[in-house]
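A short worksheet on the structure shown next.
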Amino acid sequence: MTDEREPVADGNLILILGDQLSRNIPSLTDADPSRDILLMAEVMEEASYVRHHKKKIAFVFSAMRHFAQELEAGGWRLRYVRLDDPGNSGSLTGEIDRLRAQHPLTRVVVTEPGEYRLKSALLDWAEQAGAELDLRQDSRFLCSHQRFRRWAEGRKQLRMEYFYRDMRRETGLLMDGGQPEGGKWNFDHENRKPAGGGLFLPRPLQTTPDSITEEVLDLVDARFGGHFGTLRPFWFAVTRDAALEALECFVEEALPDFGDYQDAMLEGERFLYHSVLSQYINAGLLEPLEVCRRVERAYFEGRAPLNAAEGFIRQIIGWREYMRGIYWLNMPGYTDQNFLEAARPLPEFYWTGETGMACLAAAISQTRDDAYAHHIQRLMVTGNFSLLAGVDPFQVHEWYLAVYADAYEWVEAPNVIGMSQFADGGLLGSKPYAASGNYINKMSDHCAGCRYDVKRKTGADACPFNPLYWDFLARNAQKLRENPRLRHVYRTWDRMTAERQNEYLDTARKVLARHFGE
(Lines give C-alpha, C1' and ligand atoms only; values in the text may rest on other atoms or scores of the structure.)
Protein backbone atom coordinates (compact mmCIF):
# COMPACT_ATOMS: atom_id res chain seq x y z
CA MET A 1 0.00 0.00 0.00
CA THR A 2 2.54 2.56 -1.12
CA ASP A 3 1.86 5.18 -3.76
CA GLU A 4 5.10 5.78 -5.63
CA ARG A 5 3.95 8.95 -7.39
CA GLU A 6 6.04 11.91 -6.34
CA PRO A 7 4.18 14.64 -4.45
CA VAL A 8 5.02 18.21 -5.34
CA ALA A 9 7.62 20.00 -3.24
CA ASP A 10 5.17 21.98 -1.15
CA GLY A 11 2.87 19.04 -0.39
CA ASN A 12 1.88 17.92 3.09
CA LEU A 13 2.49 14.69 4.94
CA ILE A 14 -0.84 13.84 6.57
CA LEU A 15 -0.58 11.36 9.43
CA ILE A 16 -3.74 9.36 10.15
CA LEU A 17 -3.84 7.58 13.48
CA GLY A 18 -5.47 4.23 14.21
CA ASP A 19 -8.41 5.81 16.01
CA GLN A 20 -9.04 8.41 13.29
CA LEU A 21 -10.58 6.15 10.66
CA SER A 22 -12.94 8.74 9.22
CA ARG A 23 -12.86 10.83 6.07
CA ASN A 24 -14.26 13.70 8.15
CA ILE A 25 -11.19 14.24 10.30
CA PRO A 26 -9.91 17.84 10.07
CA SER A 27 -6.55 16.81 8.63
CA LEU A 28 -8.34 15.60 5.49
CA THR A 29 -10.90 18.37 5.02
CA ASP A 30 -8.63 20.60 2.93
CA ALA A 31 -6.15 17.97 1.77
CA ASP A 32 -5.15 17.85 -1.88
CA PRO A 33 -4.76 14.36 -3.40
CA SER A 34 -2.51 15.77 -6.11
CA ARG A 35 -0.03 17.35 -3.69
CA ASP A 36 -0.26 15.54 -0.35
CA ILE A 37 0.62 12.05 0.79
CA LEU A 38 -1.12 10.20 3.62
CA LEU A 39 0.73 8.09 6.16
CA MET A 40 -0.75 5.25 8.19
CA ALA A 41 1.46 2.89 10.17
CA GLU A 42 1.14 -0.15 12.37
CA VAL A 43 3.98 0.29 14.86
CA MET A 44 5.11 -1.73 17.84
CA GLU A 45 5.31 1.33 20.10
CA GLU A 46 1.56 1.93 19.83
CA ALA A 47 0.69 -1.76 20.00
CA SER A 48 2.66 -2.42 23.17
CA TYR A 49 2.86 0.67 25.42
CA VAL A 50 0.47 -1.42 27.50
CA ARG A 51 -0.08 -5.11 26.78
CA HIS A 52 -3.23 -4.62 24.74
CA HIS A 53 -5.78 -7.39 24.39
CA LYS A 54 -5.14 -9.46 21.26
CA LYS A 55 -8.63 -8.70 19.92
CA LYS A 56 -8.06 -4.97 20.45
CA ILE A 57 -4.87 -5.00 18.40
CA ALA A 58 -6.52 -7.07 15.69
CA PHE A 59 -9.52 -4.74 15.56
CA VAL A 60 -7.40 -1.61 15.18
CA PHE A 61 -5.02 -3.09 12.59
CA SER A 62 -7.80 -4.62 10.51
CA ALA A 63 -9.90 -1.44 10.63
CA MET A 64 -6.81 0.56 9.62
CA ARG A 65 -6.12 -1.71 6.64
CA HIS A 66 -9.72 -1.55 5.47
CA PHE A 67 -9.78 2.25 5.80
CA ALA A 68 -6.50 2.48 3.90
CA GLN A 69 -8.06 0.42 1.12
CA GLU A 70 -10.98 2.87 0.95
CA LEU A 71 -8.63 5.85 0.78
CA GLU A 72 -6.60 4.33 -2.03
CA ALA A 73 -9.78 3.53 -3.94
CA GLY A 74 -10.70 7.19 -3.54
CA GLY A 75 -7.54 8.31 -5.28
CA TRP A 76 -5.46 9.31 -2.28
CA ARG A 77 -1.69 8.87 -2.23
CA LEU A 78 -1.02 6.65 0.75
CA ARG A 79 2.03 5.19 2.44
CA TYR A 80 0.77 2.32 4.58
CA VAL A 81 3.35 0.60 6.80
CA ARG A 82 2.49 -2.84 8.10
CA LEU A 83 3.87 -4.11 11.37
CA ASP A 84 5.97 -6.77 9.66
CA ASP A 85 7.19 -4.59 6.77
CA PRO A 86 11.00 -4.57 6.37
CA GLY A 87 12.40 -1.34 7.72
CA ASN A 88 9.44 -0.58 10.01
CA SER A 89 10.98 1.78 12.59
CA GLY A 90 8.58 0.76 15.35
CA SER A 91 7.28 4.28 16.07
CA LEU A 92 5.05 6.82 14.37
CA THR A 93 7.69 9.53 14.51
CA GLY A 94 10.19 7.10 13.01
CA GLU A 95 7.81 6.46 10.12
CA ILE A 96 7.35 10.19 9.60
CA ASP A 97 11.13 10.53 9.39
CA ARG A 98 11.39 7.68 6.89
CA LEU A 99 8.74 9.17 4.63
CA ARG A 100 10.17 12.69 4.82
CA ALA A 101 13.58 11.33 3.88
CA GLN A 102 12.10 9.98 0.65
CA HIS A 103 9.70 12.78 -0.29
CA PRO A 104 9.98 16.60 -0.19
CA LEU A 105 7.06 17.15 2.17
CA THR A 106 7.22 20.54 3.86
CA ARG A 107 4.65 20.18 6.60
CA VAL A 108 3.18 17.41 8.78
CA VAL A 109 -0.56 17.63 9.35
CA VAL A 110 -2.34 15.51 11.96
CA THR A 111 -5.65 15.58 13.77
CA GLU A 112 -4.90 15.92 17.48
CA PRO A 113 -4.24 12.53 19.12
CA GLY A 114 -6.69 11.50 21.80
CA GLU A 115 -3.93 10.62 24.25
CA TYR A 116 -1.61 13.12 25.92
CA ARG A 117 1.28 10.68 25.59
CA LEU A 118 1.15 10.66 21.81
CA LYS A 119 0.45 14.37 21.43
CA SER A 120 3.53 15.11 23.53
CA ALA A 121 5.64 12.71 21.46
CA LEU A 122 4.64 14.46 18.23
CA LEU A 123 5.29 17.93 19.64
CA ASP A 124 8.70 16.82 20.95
CA TRP A 125 9.55 15.29 17.59
CA ALA A 126 8.61 18.46 15.70
CA GLU A 127 10.76 20.59 18.00
CA GLN A 128 13.77 18.32 17.70
CA ALA A 129 13.37 17.85 13.95
CA GLY A 130 12.72 21.54 13.32
CA ALA A 131 9.61 20.50 11.40
CA GLU A 132 6.34 22.35 10.88
CA LEU A 133 3.57 20.45 12.66
CA ASP A 134 -0.03 21.42 11.96
CA LEU A 135 -1.95 19.89 14.88
CA ARG A 136 -5.70 20.23 14.37
CA GLN A 137 -8.48 19.90 16.93
CA ASP A 138 -10.55 16.76 16.52
CA SER A 139 -13.93 17.94 15.25
CA ARG A 140 -15.54 14.53 15.84
CA PHE A 141 -16.03 15.66 19.43
CA LEU A 142 -18.83 18.10 20.20
CA CYS A 143 -17.01 20.01 22.93
CA SER A 144 -13.59 21.52 22.26
CA HIS A 145 -10.91 21.77 24.94
CA GLN A 146 -11.47 25.54 25.10
CA ARG A 147 -15.24 25.11 25.41
CA PHE A 148 -14.84 22.66 28.28
CA ARG A 149 -12.36 24.91 30.09
CA ARG A 150 -14.82 27.79 29.85
CA TRP A 151 -17.56 25.57 31.26
CA ALA A 152 -15.35 24.35 34.13
CA GLU A 153 -13.89 27.74 35.06
CA GLY A 154 -15.03 28.97 38.45
CA ARG A 155 -17.10 25.89 39.29
CA LYS A 156 -16.49 24.30 42.69
CA GLN A 157 -17.75 20.96 41.42
CA LEU A 158 -17.60 19.67 37.86
CA ARG A 159 -20.77 17.63 37.72
CA MET A 160 -21.59 15.84 34.50
CA GLU A 161 -25.34 16.46 34.75
CA TYR A 162 -25.00 20.20 34.22
CA PHE A 163 -22.50 19.75 31.40
CA TYR A 164 -24.87 17.26 29.77
CA ARG A 165 -27.74 19.74 29.82
CA ASP A 166 -25.57 22.28 28.00
CA MET A 167 -24.74 19.65 25.37
CA ARG A 168 -28.43 18.87 24.92
CA ARG A 169 -29.20 22.55 24.37
CA GLU A 170 -26.31 22.98 21.93
CA THR A 171 -27.11 19.91 19.84
CA GLY A 172 -30.90 20.15 20.13
CA LEU A 173 -31.06 16.41 20.82
CA LEU A 174 -34.33 15.38 22.50
CA MET A 175 -35.31 19.00 22.97
CA ASP A 176 -38.79 20.50 22.76
CA GLY A 177 -37.95 24.11 22.08
CA GLY A 178 -35.93 25.23 25.07
CA GLN A 179 -37.13 22.38 27.29
CA PRO A 180 -36.10 18.71 27.43
CA GLU A 181 -38.39 16.25 25.72
CA GLY A 182 -40.75 14.72 28.28
CA GLY A 183 -40.18 17.55 30.75
CA LYS A 184 -37.09 16.00 32.39
CA TRP A 185 -33.41 16.00 31.52
CA ASN A 186 -32.61 12.62 33.01
CA PHE A 187 -34.58 9.38 33.23
CA ASP A 188 -31.86 7.42 35.00
CA HIS A 189 -34.13 6.39 37.86
CA GLU A 190 -36.14 4.35 35.33
CA ASN A 191 -33.02 2.59 34.04
CA ARG A 192 -32.14 0.36 36.98
CA LYS A 193 -34.30 -2.71 36.61
CA PRO A 194 -32.62 -6.04 37.38
CA ALA A 195 -32.89 -8.47 34.50
CA GLY A 196 -34.92 -11.60 35.10
CA GLY A 197 -35.52 -14.80 33.22
CA GLY A 198 -37.64 -15.01 30.09
CA LEU A 199 -36.25 -11.90 28.41
CA PHE A 200 -35.59 -11.84 24.69
CA LEU A 201 -31.90 -11.02 24.56
CA PRO A 202 -30.62 -9.86 21.17
CA ARG A 203 -27.01 -10.13 20.13
CA PRO A 204 -24.83 -7.38 18.71
CA LEU A 205 -24.12 -7.78 15.04
CA GLN A 206 -21.28 -10.21 14.48
CA THR A 207 -19.29 -10.11 11.24
CA THR A 208 -17.31 -12.85 9.55
CA PRO A 209 -13.61 -12.02 9.05
CA ASP A 210 -12.59 -11.42 5.45
CA SER A 211 -9.16 -12.16 3.99
CA ILE A 212 -7.71 -8.87 5.28
CA THR A 213 -8.86 -9.57 8.82
CA GLU A 214 -7.68 -13.18 8.65
CA GLU A 215 -4.23 -11.96 7.67
CA VAL A 216 -4.24 -9.56 10.63
CA LEU A 217 -5.37 -12.32 12.99
CA ASP A 218 -2.44 -14.47 11.91
CA LEU A 219 -0.08 -11.53 12.44
CA VAL A 220 -1.43 -10.82 15.93
CA ASP A 221 -1.28 -14.48 16.87
CA ALA A 222 2.37 -14.61 15.81
CA ARG A 223 3.54 -11.29 17.25
CA PHE A 224 1.30 -10.84 20.31
CA GLY A 225 0.43 -14.41 21.24
CA GLY A 226 1.51 -13.85 24.85
CA HIS A 227 -0.84 -10.93 25.37
CA PHE A 228 -4.05 -11.21 27.38
CA GLY A 229 -7.22 -12.33 25.69
CA THR A 230 -8.78 -14.78 23.28
CA LEU A 231 -8.17 -13.90 19.63
CA ARG A 232 -10.68 -16.16 17.90
CA PRO A 233 -13.54 -16.20 17.17
CA PHE A 234 -13.22 -12.62 15.97
CA TRP A 235 -16.53 -10.90 15.20
CA PHE A 236 -15.97 -7.14 15.36
CA ALA A 237 -16.96 -4.86 12.50
CA VAL A 238 -13.86 -3.38 10.87
CA THR A 239 -15.40 -1.13 8.21
CA ARG A 240 -17.75 1.83 8.35
CA ASP A 241 -20.44 -0.04 6.43
CA ALA A 242 -20.35 -2.95 8.89
CA ALA A 243 -20.35 -0.54 11.85
CA LEU A 244 -23.45 1.16 10.41
CA GLU A 245 -25.09 -2.26 10.17
CA ALA A 246 -24.21 -2.84 13.84
CA LEU A 247 -25.83 0.50 14.70
CA GLU A 248 -29.01 -0.46 12.88
CA CYS A 249 -29.04 -3.86 14.59
CA PHE A 250 -28.85 -2.18 18.00
CA VAL A 251 -31.53 0.41 17.25
CA GLU A 252 -33.97 -2.13 15.84
CA GLU A 253 -33.44 -5.00 18.27
CA ALA A 254 -31.95 -3.77 21.55
CA LEU A 255 -32.60 -0.05 22.00
CA PRO A 256 -36.25 -0.42 23.12
CA ASP A 257 -35.14 -2.30 26.25
CA PHE A 258 -31.72 -0.71 26.66
CA GLY A 259 -32.90 1.88 29.18
CA ASP A 260 -34.69 -0.44 31.58
CA TYR A 261 -31.88 -2.95 31.86
CA GLN A 262 -28.70 -0.99 31.24
CA ASP A 263 -27.46 -1.61 34.80
CA ALA A 264 -28.42 -5.29 34.92
CA MET A 265 -26.15 -8.35 34.84
CA LEU A 266 -27.06 -11.95 34.03
CA GLU A 267 -24.94 -15.06 34.33
CA GLY A 268 -23.96 -16.26 30.87
CA GLU A 269 -25.39 -13.17 29.11
CA ARG A 270 -22.57 -10.89 28.05
CA PHE A 271 -24.38 -8.17 26.15
CA LEU A 272 -28.02 -7.95 27.27
CA TYR A 273 -29.35 -4.79 25.54
CA HIS A 274 -26.07 -2.90 25.26
CA SER A 275 -25.04 -1.47 21.92
CA VAL A 276 -21.37 -2.57 21.85
CA LEU A 277 -20.76 0.41 19.56
CA SER A 278 -18.25 2.37 21.65
CA GLN A 279 -15.19 0.86 20.01
CA TYR A 280 -16.54 1.79 16.58
CA ILE A 281 -17.23 5.37 17.69
CA ASN A 282 -13.86 5.72 19.42
CA ALA A 283 -11.98 4.41 16.36
CA GLY A 284 -13.81 6.73 13.95
CA LEU A 285 -15.96 4.20 12.08
CA LEU A 286 -19.08 5.89 13.47
CA GLU A 287 -19.64 9.56 14.24
CA PRO A 288 -20.98 10.32 17.75
CA LEU A 289 -23.62 12.77 16.56
CA GLU A 290 -24.90 10.51 13.78
CA VAL A 291 -25.37 7.70 16.30
CA CYS A 292 -27.31 10.01 18.62
CA ARG A 293 -29.46 11.32 15.76
CA ARG A 294 -30.32 7.76 14.76
CA VAL A 295 -31.39 6.91 18.32
CA GLU A 296 -33.37 10.16 18.59
CA ARG A 297 -35.17 9.33 15.35
CA ALA A 298 -36.13 5.91 16.72
CA TYR A 299 -37.76 7.64 19.70
CA PHE A 300 -39.70 10.16 17.58
CA GLU A 301 -40.85 7.35 15.30
CA GLY A 302 -42.25 5.51 18.32
CA ARG A 303 -39.76 2.66 18.05
CA ALA A 304 -38.02 3.25 21.40
CA PRO A 305 -39.17 4.74 24.72
CA LEU A 306 -37.81 8.05 25.97
CA ASN A 307 -35.90 6.56 28.90
CA ALA A 308 -33.94 4.33 26.49
CA ALA A 309 -33.17 7.08 23.98
CA GLU A 310 -32.26 9.62 26.66
CA GLY A 311 -30.11 7.15 28.58
CA PHE A 312 -28.15 6.22 25.48
CA ILE A 313 -27.70 9.79 24.24
CA ARG A 314 -26.56 10.85 27.73
CA GLN A 315 -23.72 8.30 27.53
CA ILE A 316 -22.51 9.81 24.23
CA ILE A 317 -22.94 13.60 24.44
CA GLY A 318 -22.87 13.70 28.23
CA TRP A 319 -20.55 11.15 29.75
CA ARG A 320 -18.22 10.56 26.80
CA GLU A 321 -17.65 14.25 26.12
CA TYR A 322 -17.37 15.02 29.83
CA MET A 323 -14.70 12.34 30.31
CA ARG A 324 -12.64 13.78 27.50
CA GLY A 325 -12.97 17.27 28.97
CA ILE A 326 -11.86 16.11 32.42
CA TYR A 327 -8.89 14.26 30.92
CA TRP A 328 -7.46 17.16 28.94
CA LEU A 329 -8.23 19.66 31.70
CA ASN A 330 -6.08 17.68 34.14
CA MET A 331 -3.27 16.21 32.07
CA PRO A 332 -0.42 15.68 32.59
CA GLY A 333 -0.45 14.06 36.01
CA TYR A 334 -4.06 12.93 36.23
CA THR A 335 -3.23 9.23 35.91
CA ASP A 336 -0.73 9.50 38.79
CA GLN A 337 -3.29 10.69 41.34
CA ASN A 338 -3.85 8.45 44.35
CA PHE A 339 -6.02 10.30 46.87
CA LEU A 340 -6.68 7.21 48.99
CA GLU A 341 -3.01 6.13 48.92
CA ALA A 342 -3.93 2.65 47.67
CA ALA A 343 -0.84 0.52 47.15
CA ARG A 344 -1.75 -3.14 46.71
CA PRO A 345 -0.79 -4.81 43.41
CA LEU A 346 -3.45 -5.80 40.91
CA PRO A 347 -4.55 -9.36 41.79
CA GLU A 348 -3.42 -12.10 39.43
CA PHE A 349 -7.01 -13.24 38.91
CA TYR A 350 -7.69 -10.06 36.91
CA TRP A 351 -5.67 -11.77 34.19
CA THR A 352 -6.84 -15.35 34.70
CA GLY A 353 -10.45 -15.00 35.90
CA GLU A 354 -9.73 -17.74 38.41
CA THR A 355 -11.69 -16.64 41.45
CA GLY A 356 -14.55 -18.06 43.48
CA MET A 357 -16.45 -14.79 43.22
CA ALA A 358 -18.97 -15.48 40.46
CA CYS A 359 -19.51 -11.86 39.42
CA LEU A 360 -15.78 -11.21 39.04
CA ALA A 361 -15.21 -14.49 37.23
CA ALA A 362 -17.99 -13.63 34.77
CA ALA A 363 -16.79 -10.08 34.09
CA ILE A 364 -13.16 -11.08 33.67
CA SER A 365 -13.84 -14.17 31.55
CA GLN A 366 -15.95 -12.20 29.08
CA THR A 367 -13.31 -9.46 29.07
CA ARG A 368 -10.78 -12.14 28.16
CA ASP A 369 -12.99 -13.59 25.42
CA ASP A 370 -14.56 -10.44 23.93
CA ALA A 371 -12.39 -7.47 25.00
CA TYR A 372 -15.72 -6.14 26.27
CA ALA A 373 -17.70 -5.74 29.47
CA HIS A 374 -20.49 -3.25 29.99
CA HIS A 375 -20.24 -0.23 32.27
CA ILE A 376 -21.73 -1.79 35.42
CA GLN A 377 -19.40 -4.76 35.22
CA ARG A 378 -16.47 -2.37 34.91
CA LEU A 379 -17.60 0.05 37.61
CA MET A 380 -19.41 -2.08 40.18
CA VAL A 381 -17.63 -5.43 39.84
CA THR A 382 -13.97 -5.23 38.78
CA GLY A 383 -13.68 -1.55 39.70
CA ASN A 384 -15.50 -1.97 42.99
CA PHE A 385 -13.29 -4.83 44.10
CA SER A 386 -10.05 -2.99 43.34
CA LEU A 387 -11.36 0.11 45.11
CA LEU A 388 -12.40 -1.78 48.24
CA ALA A 389 -9.19 -3.81 48.30
CA GLY A 390 -6.98 -0.74 47.96
CA VAL A 391 -5.29 -1.63 44.68
CA ASP A 392 -2.85 0.92 43.22
CA PRO A 393 -5.09 2.98 40.90
CA PHE A 394 -2.37 3.32 38.25
CA GLN A 395 -2.21 -0.47 37.94
CA VAL A 396 -5.99 -0.59 37.68
CA HIS A 397 -5.86 2.14 35.02
CA GLU A 398 -3.30 0.21 32.95
CA TRP A 399 -5.39 -2.97 33.16
CA TYR A 400 -8.51 -1.27 31.84
CA LEU A 401 -6.50 0.48 29.12
CA ALA A 402 -5.08 -2.86 28.01
CA VAL A 403 -8.05 -5.19 28.10
CA TYR A 404 -10.95 -3.35 26.43
CA ALA A 405 -11.29 -2.78 22.69
CA ASP A 406 -12.87 0.65 23.23
CA ALA A 407 -10.23 1.83 25.72
CA TYR A 408 -8.22 4.93 24.86
CA GLU A 409 -6.66 6.89 27.67
CA TRP A 410 -8.77 10.04 27.17
CA VAL A 411 -11.94 8.11 28.05
CA GLU A 412 -10.58 5.25 30.14
CA ALA A 413 -8.42 7.20 32.61
CA PRO A 414 -11.14 9.52 33.98
CA ASN A 415 -13.52 6.59 34.24
CA VAL A 416 -10.97 4.61 36.27
CA ILE A 417 -8.91 7.22 38.12
CA GLY A 418 -11.86 9.48 38.84
CA MET A 419 -15.11 7.54 38.86
CA SER A 420 -14.11 3.97 39.67
CA GLN A 421 -11.15 4.41 42.03
CA PHE A 422 -11.85 7.91 43.47
CA ALA A 423 -8.13 8.54 43.08
CA ASP A 424 -8.73 12.18 42.13
CA GLY A 425 -10.33 12.84 45.51
CA GLY A 426 -13.74 13.80 44.16
CA LEU A 427 -12.91 16.01 41.21
CA LEU A 428 -15.08 13.86 38.98
CA GLY A 429 -17.46 12.03 41.33
CA SER A 430 -19.14 13.24 44.49
CA LYS A 431 -18.38 10.02 46.37
CA PRO A 432 -16.58 6.70 45.88
CA TYR A 433 -18.58 4.07 44.01
CA ALA A 434 -18.11 1.58 46.81
CA ALA A 435 -20.71 -1.12 47.37
CA SER A 436 -21.20 -4.33 49.28
CA GLY A 437 -22.45 -7.57 47.80
CA ASN A 438 -26.04 -6.41 48.20
CA TYR A 439 -25.80 -4.16 45.13
CA ILE A 440 -24.51 -7.00 42.95
CA ASN A 441 -27.19 -9.33 44.28
CA LYS A 442 -29.88 -6.75 43.49
CA MET A 443 -28.72 -6.11 39.94
CA SER A 444 -27.65 -9.62 38.90
CA ASP A 445 -28.21 -13.33 39.36
CA HIS A 446 -24.50 -14.07 39.91
CA CYS A 447 -24.89 -14.58 43.65
CA ALA A 448 -27.21 -17.57 43.30
CA GLY A 449 -24.43 -19.77 41.97
CA CYS A 450 -21.51 -18.20 43.80
CA ARG A 451 -19.18 -20.11 46.11
CA TYR A 452 -19.73 -17.31 48.66
CA ASP A 453 -22.96 -16.35 50.44
CA VAL A 454 -23.98 -12.78 49.75
CA LYS A 455 -26.24 -12.76 52.81
CA ARG A 456 -23.36 -13.58 55.14
CA LYS A 457 -21.51 -10.50 56.30
CA THR A 458 -18.52 -12.05 58.04
CA GLY A 459 -16.76 -15.40 58.25
CA ALA A 460 -15.10 -17.67 55.72
CA ASP A 461 -18.21 -18.10 53.55
CA ALA A 462 -19.23 -14.43 53.46
CA CYS A 463 -19.28 -12.60 50.15
CA PRO A 464 -15.89 -10.82 50.11
CA PHE A 465 -17.52 -7.56 49.06
CA ASN A 466 -19.32 -7.37 52.42
CA PRO A 467 -16.33 -7.21 54.81
CA LEU A 468 -14.21 -5.34 52.28
CA TYR A 469 -16.83 -2.60 52.08
CA TRP A 470 -16.62 -1.81 55.78
CA ASP A 471 -12.85 -2.28 55.85
CA PHE A 472 -12.57 0.27 53.04
CA LEU A 473 -14.64 2.80 54.95
CA ALA A 474 -12.77 2.23 58.20
CA ARG A 475 -9.38 2.38 56.49
CA ASN A 476 -10.21 5.67 54.76
CA ALA A 477 -12.32 7.28 57.47
CA GLN A 478 -10.00 10.23 57.90
CA LYS A 479 -10.46 11.22 54.24
CA LEU A 480 -14.05 10.16 53.65
CA ARG A 481 -15.98 10.61 56.90
CA GLU A 482 -16.95 14.21 56.15
CA ASN A 483 -18.15 13.44 52.64
CA PRO A 484 -21.82 14.53 52.71
CA ARG A 485 -22.94 11.43 50.84
CA LEU A 486 -21.17 9.07 53.24
CA ARG A 487 -22.05 10.56 56.61
CA HIS A 488 -25.06 8.30 57.09
CA VAL A 489 -22.90 5.26 56.26
CA TYR A 490 -20.34 6.24 58.88
CA ARG A 491 -23.14 6.73 61.39
CA THR A 492 -24.13 3.11 60.75
CA TRP A 493 -20.51 2.04 61.32
CA ASP A 494 -20.30 4.06 64.53
CA ARG A 495 -23.45 2.40 65.90
CA MET A 496 -21.92 -1.06 65.55
CA THR A 497 -20.38 -2.64 68.60
CA ALA A 498 -16.61 -2.90 68.72
CA GLU A 499 -16.99 -6.66 68.50
CA ARG A 500 -19.02 -6.42 65.28
CA GLN A 501 -16.59 -3.96 63.74
CA ASN A 502 -13.71 -6.31 64.53
CA GLU A 503 -15.55 -9.20 62.91
CA TYR A 504 -15.77 -7.23 59.67
CA LEU A 505 -12.15 -6.12 59.83
CA ASP A 506 -10.87 -9.59 60.72
CA THR A 507 -12.78 -11.17 57.82
CA ALA A 508 -11.50 -8.47 55.49
CA ARG A 509 -7.90 -9.17 56.57
CA LYS A 510 -8.36 -12.82 55.71
CA VAL A 511 -9.86 -11.95 52.30
CA LEU A 512 -6.94 -9.65 51.54
CA ALA A 513 -4.43 -12.24 52.75
CA ARG A 514 -6.01 -14.79 50.42
CA HIS A 515 -5.76 -12.55 47.38
CA PHE A 516 -2.62 -10.56 48.09
CA GLY A 517 -0.54 -12.95 50.19
CA GLU A 518 -0.53 -10.61 53.19
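Just so it is clear, the values below take in all heavy atoms, side chains as well, and ignore hydrogens, waters and symmetry mates.
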Notebook entry, point to check: Salt bridge or not for Glu269 and Arg203, using N-O below 4.0 Å?
Noted result: yes
Margin query: Within this structure, what is the OG-CG distance for the pair Ser386 and Leu468, rounded to the nearest 0.5 Å?
Written below: 11.0 Å
Check: Is Arg294 salt-bridged to Glu248, cutoff N-O under 4.0 Å?
Finding: yes
Notebook entry, point to check: Is Lys431 atom NZ crowded by more than 12 heavy atoms from other residues, nucleotides or ligands, each under 6.0 Å away?
Noted result: yes
Notebook entry, point to check: Does the Tyr400 side chain pair with the main chain of Gly383, one donor and one acceptor, at a distance under 3.5 Å?
Noted result: yes
Next item on the list: Show the numbers, then the answer: is there a side-chain contact (heavy atoms from CB on, under 4.5 Å) between Leu15 and Val109?
Entry: CA-CA 6 Å; Leu15 175 66; Val109 180; over 6 Å; no
Check: Shortest non-hydrogen contact from Phe236 to Ala405?
Finding: CE1-CB, 4.1 Å
Next item on the list: With rounding to the nearest 0.5 Å, note down the distance linking OG1 in Thr239 to CD in Glu70.
Entry: 7.0 Å
Item checked: Closest non-hydrogen atom pair between Ile376 and Met265, with its separation -> CG2-CE, 3.8 Å
Next item on the list: Could you go through the side-chain contact (heavy atoms from CB on, under 4.5 Å) check for His145 and Arg324 one step at a time?
Entry: CA-CA 9 Å; His145 301 325; Arg324 178 176 182 259; 3.2 Å; yes
Next item on the list: Measure the acute angle between the ring planes of Phe224 and His227, then classify it against the limits of 30° and 60° as parallel, tilted or perpendicular.
Entry: perpendicular
Note to self: Less than 4.0 angstrom from a charged side-chain N to a carboxylate O is my criterion; do Arg82 and Asp84 meet it?
What the structure shows: no
Check: CH2/Trp76 to CD1/Ile14 distance, rounded to the nearest 0.5 angstrom?
Finding: 6.0 Å
Notebook entry, point to check: Pick one: which of Ile326, Asn282, Asp138 meets side chain to side chain contact (heavy atoms under 4.5 Å, CB included) with Trp410?
Noted result: Asn282
Notebook entry, point to check: Between Glu296 and Arg303, is there a side-chain N and carboxylate O pair less than 4.0 Å apart?
Noted result: no
Item checked: Electrostatic pair Arg270:Asp370 at N-O distance under 4.0 angstrom -> yes
Note to self: Salt bridge check, Glu115 against Lys119: does any charged N sit closer than 4.0 Å to a carboxylate O?
What the structure shows: no
Note to self: Would the distance check show the side chain of Arg65 and the main-chain N or O of Ile212 forming a donor-acceptor pair, the cut-off being under 3.5 Å?
What the structure shows: no
Notebook entry, point to check: Salt-bridged, Arg232 to Asp218, with N to O below 4.0 Å?
Noted result: yes
Notebook entry, point to check: Are Arg117 and Glu409 within salt-bridge range, i.e. N to O under 4.0 Å?
Noted result: no
Checklist line | Whether Arg79 side chain and Leu38 backbone form a donor-acceptor pair below 3.5 Å | finding: no
Next item on the list: Give a yes or no answer on whether the side chain of Arg136 reaches the backbone of Pro26 with a donor-acceptor pair at less than 3.5 Å.
Entry: yes
Note to self: Looking at Glu170 and Arg165, is there a salt bridge between them, counting it only when a charged N and a carboxylate O are closer than 4.0 Å?
What the structure shows: no
Item checked: Check ion pair Arg159-Glu161 (N to O, under 4.0 angstrom) -> no
Check: Hey, is the main chain of Phe187 close enough, under 3.5 Å, to the side chain of Asn307 for a donor-acceptor pair?
Finding: no
Next item on the list: Salt-bridge test for Asp166 and Arg169: reply yes if a basic N is under 4.0 Å from a carboxylate O, no otherwise.
Entry: yes
Notebook entry, point to check: Using 4.0 Å as the upper bound for N to carboxylate O, is an ion pair formed by Arg240 and Glu290?
Noted result: yes
